[in-house]
Amino acid sequence: MKRKLAVLLAGTMVMASLVGCGSSDTATTETAASTEEAAETVEETAEETTEEAADDTAASGDLIKVGHAQVGHESDWRAANTQNFQDVFSEANGYDLAFVDSDNDNAAQIEAVRGFIQQEVDYIFLDPIETAGWDTVLQEAQDAGIPVIIVDRSVDADESLYTTAVGTDMVLEGETAGNWLAEYLNGEAANILVIEGTVGASATLGRTEGFNNVAAEHSEWTILDSQDGDFTQAGGQEVMESFIKSYSDFNVVVCQNDNEAYGAMDAMDAAGITYGVDGDVIIISFDATHDGLQYTLDGKINCNVECNPLQATFAEDVLKQLEAGEEVDKFTLVTDEAFVAPGITSQYATTMTQEVLDARAY
């Protein structure tokens, strides 16, 4: 636009010089009129150019374009995590957020990242559905000069292929659950059923590893079975119904997220099996969402290990460091805690109260 305006101004100067070269009053009058018209055209064009530039600035502003490839909408935790990212990376906060719900489809999520690369976003946030299979597309992002920030979960890839990661310690979450159970049982035997999360997800792998680390130290514990509930309520109910048909002597059920716990409780309710503080079966859950903690407060879930979904602020802090040209840590830990039902005291968890529940943001 600036080039167009300069050409028009040059044309006006040429026409103005022709006025001095005219040989008659008529020519001078016609040339002056043309000069005036040209000047008006330049002024109008300049106004249009300024308006167009203003519109372009308003449209693009100084917004940082961010792509977010989310796992899906499989749980209450995921919904809270998605909302948190949309709140933090809003236009009002200076961001242009491109969001894709991958609906637990790993191939679709990989293509979503490729789409962000084609859109030439400034940053990519990736909540990987599965840990494996990311090397190629991460290399593509790196070749395009787009920083990739892994959030919530982790990838099984060369660390040089992504910029940094933000999330909780999934193995520690599993160990916290195991340590609490050991403390609670105090040497008593346990026949344990585990409803795992999505196959291949780092949350599933980490929580399983952490819990098994503790279980290996207790010969009085037996893990009867462990099956995939896909982090959904329907999946938790289906797996629990299958367990009930196969096992009659279990006294602990470990659900790797709250929604699976809701499904497991539905299945046990239908079968007439009691659970919780006053029941025959101990329930351990993960995520500590609002509803999960309500069940904990009600004594239906004995222990609920938090996985904090409010990770967007941590991710934004990292992004701001990168924008400032600063070096960032390879991993930023999002801290979380654990909660137990009223009447239970523990060195590994906080006793649930209404005040604690009311203070939860998710």
Side-chain angles (χ1 to χ4, degrees), residues 1-2 53-71 77-78 80-102 109-110 112-128 131 134-170 172 202-203 306-337 361-362:
M1 289 181 227
K2 289 180 179 179
D55 290 342
D56 288 345
T57 301
S60 64
D62 294 319
L63 299 181
I64 298 172
K65 192 166 185 180
V66 174
H68 183 198
Q70 180 60 284
V71 168
W77 188 98
R78 189 64 53 190
N81 180 252
T82 293
Q83 188 62 57
N84 181 229
F85 269 83
Q86 291 176 344
D87 289 344
V88 171
F89 293 97
S90 65
E91 186 173 344
N93 289 338
Y95 301 98
D96 178 9
L97 176 64
F99 174 80
V100 174
D101 179 334
S102 303
Q109 190 175 45
I110 290 173
V113 173
R114 286 203 169 99
F116 294 149
I117 295 170
Q118 292 171 357
Q119 295 168 40
E120 298 182 341
V121 300
D122 299 310
Y123 297 90
I124 294 174
F125 288 119
L126 170 63
D127 293 58
T131 59
W134 288 103
D135 296 70
T136 301
V137 73
L138 288 176
Q139 184 66 64
E140 291 170 11
Q142 188 174 91
D143 292 343
I146 303 173
V148 175
I149 301 171
I150 309 297
V151 290
D152 171 34
R153 297 181 178 180
S154 62
V155 292
D156 184 14
D158 191 320
E159 289 187 354
S160 67
L161 292 177
Y162 59 89
T163 303
T164 186
V166 174
T168 60
D169 187 335
M170 305 292 187
L172 180 59
S202 61
E306 181 185 39
C307 179
N308 190 345
L310 306 183
Q311 301 184 11
T313 301
F314 294 86
E316 185 186 32
D317 287 344
V318 170
L319 185 151
K320 286 180 176 179
Q321 287 178 269
L322 293 171
E323 280 288 289
E326 300 173 2
E327 290 188 8
V328 297
D329 294 333
K330 201 61 185 181
F331 180 71
T332 298
L333 178 66
V334 178
T335 57
D336 43 34
E337 54 186 317
Y362 53 90

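This one's a predicted model, so the numbers in the text were calculated from it and none came from an experiment.
- Here the straight-line distance linking atom CG of L161 with atom CH2 of W134 works out to 12.5 Å at 0.5 Å rounding.
- The two residues G145 and P147 have their closest heavy-atom pair at O-CD, 3.6 Å.
- In this structure a side-chain-to-backbone donor-acceptor pair under 3.5 Å is present from D122 to K65.
- Take T168 and apply the side-chain contact (heavy atoms from CB on, under 4.5 Å) test, not counting sequence neighbours, and it matches M170, E173, C307, Q311, V334, D336.
- When every heavy atom of L97 is checked against every heavy atom of F89, the shortest pair comes out as CB-O, 3.4 Å.
- For the atom pair CD1 (I146) and CG (L138), the distance works out to 11.5 Å, reported to the nearest 0.5 Å.
- At most 12 heavy atoms of other shown residues, nucleotides or ligands fall within 6.0 angstrom of atom CD in E327.
- Put simply, the side chain of K330 gets close to the backbone of T163: a donor and an acceptor are under 3.5 Å apart.
- The two residues Y162 and V155 come nearest to each other via the heavy atoms CE2-CG2, 3.7 Å.
- Aromatic ring pairs are classed by plane angle as parallel below 30°, tilted from 30° to 60° and perpendicular above 60°; the pair F85 and F125 is perpendicular.
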Checklist entry - Passes side chain to side chain contact (heavy atoms under 4.5 Å, CB included), T164 versus Q321? Steps please. => result CA-CA 11 Å; T164 186; Q321 287 178 269; over 6 Å; no
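- To the nearest 0.5 Å, atoms CH2 (W77) and OG1 (T82) are separated by 8.5 Å.
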Item to check | Check against side chain to side chain contact (heavy atoms under 4.5 Å, CB included), E140 and V113 | outcome: CA-CA 9 Å; E140 291 170 11; V113 173; over 6 Å; no
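- In this structure, the side chains of V100 and F116 come closer than 4.5 Å at one or more pairs of heavy atoms.
- With rounding to the nearest 0.5 Å, the separation of CZ in R114 from CD1 in I110 is 6.5 Å.
- Between N84 and A312, the closest heavy-atom pair is OD1-N, 2.8 Å.
- Counting only distance, with no hydrogens or angles, the side chain of N81 and the backbone of P309 share a donor-acceptor pair below 3.5 Å.
- A pairwise comparison of heavy atoms in A80 and Y362 identifies CB-CB, 3.8 Å as the closest pair.
- When atom types are taken as modelled, the side chain of S102 and the backbone of V71 share no donor-acceptor pair closer than 3.5 angstrom.
- Taking every heavy atom of both residues into account, V318 and V166 meet most closely at CG2-CG2, 4.1 Å.
- Considering only heavy atoms from C-beta on, I124 comes within 4.5 Å of I117 through its side chain.
- Between the side chain of Q109 and the backbone N or O of A69, at least one donor-acceptor pair lies under 3.5 Å.
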Checklist entry - Between H68 and D127, does a side chain to side chain contact (heavy atoms under 4.5 Å, CB included) hold up when you go through it step by step? => result CA-CA 8 Å; H68 183 198; D127 293 58; 2.9 Å; yes
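- When atom types are taken as modelled, the side chain of S202 and the backbone of R153 share no donor-acceptor pair closer than 3.5 angstrom.
- Side chains of Q83 and D87: a donor-acceptor N/O pair is present below 3.5 angstrom, by distance only.
- Formation of a donor-acceptor pair under 3.5 Å by the D329 side chain with backbone atoms of F331 is not found in this model.
- Remark: E120 CD is loosely packed, at most 12 non-hydrogen atoms of other residues, nucleotides or ligands lying under 6.0 Å away.
- Side chain of D135 to backbone of A157: no donor-acceptor contact under 3.5 angstrom is found.
- From Y123, atom OH reaches atom CD of E316 across 11.5 Å, with rounding to the nearest 0.5 Å.
- I149 places a side-chain heavy atom less than 4.5 Å from the side chain of L322.
- Once rounded to the nearest 0.5 Å, the distance linking CG of L126 with CD1 of I150 reads 4.5 Å.
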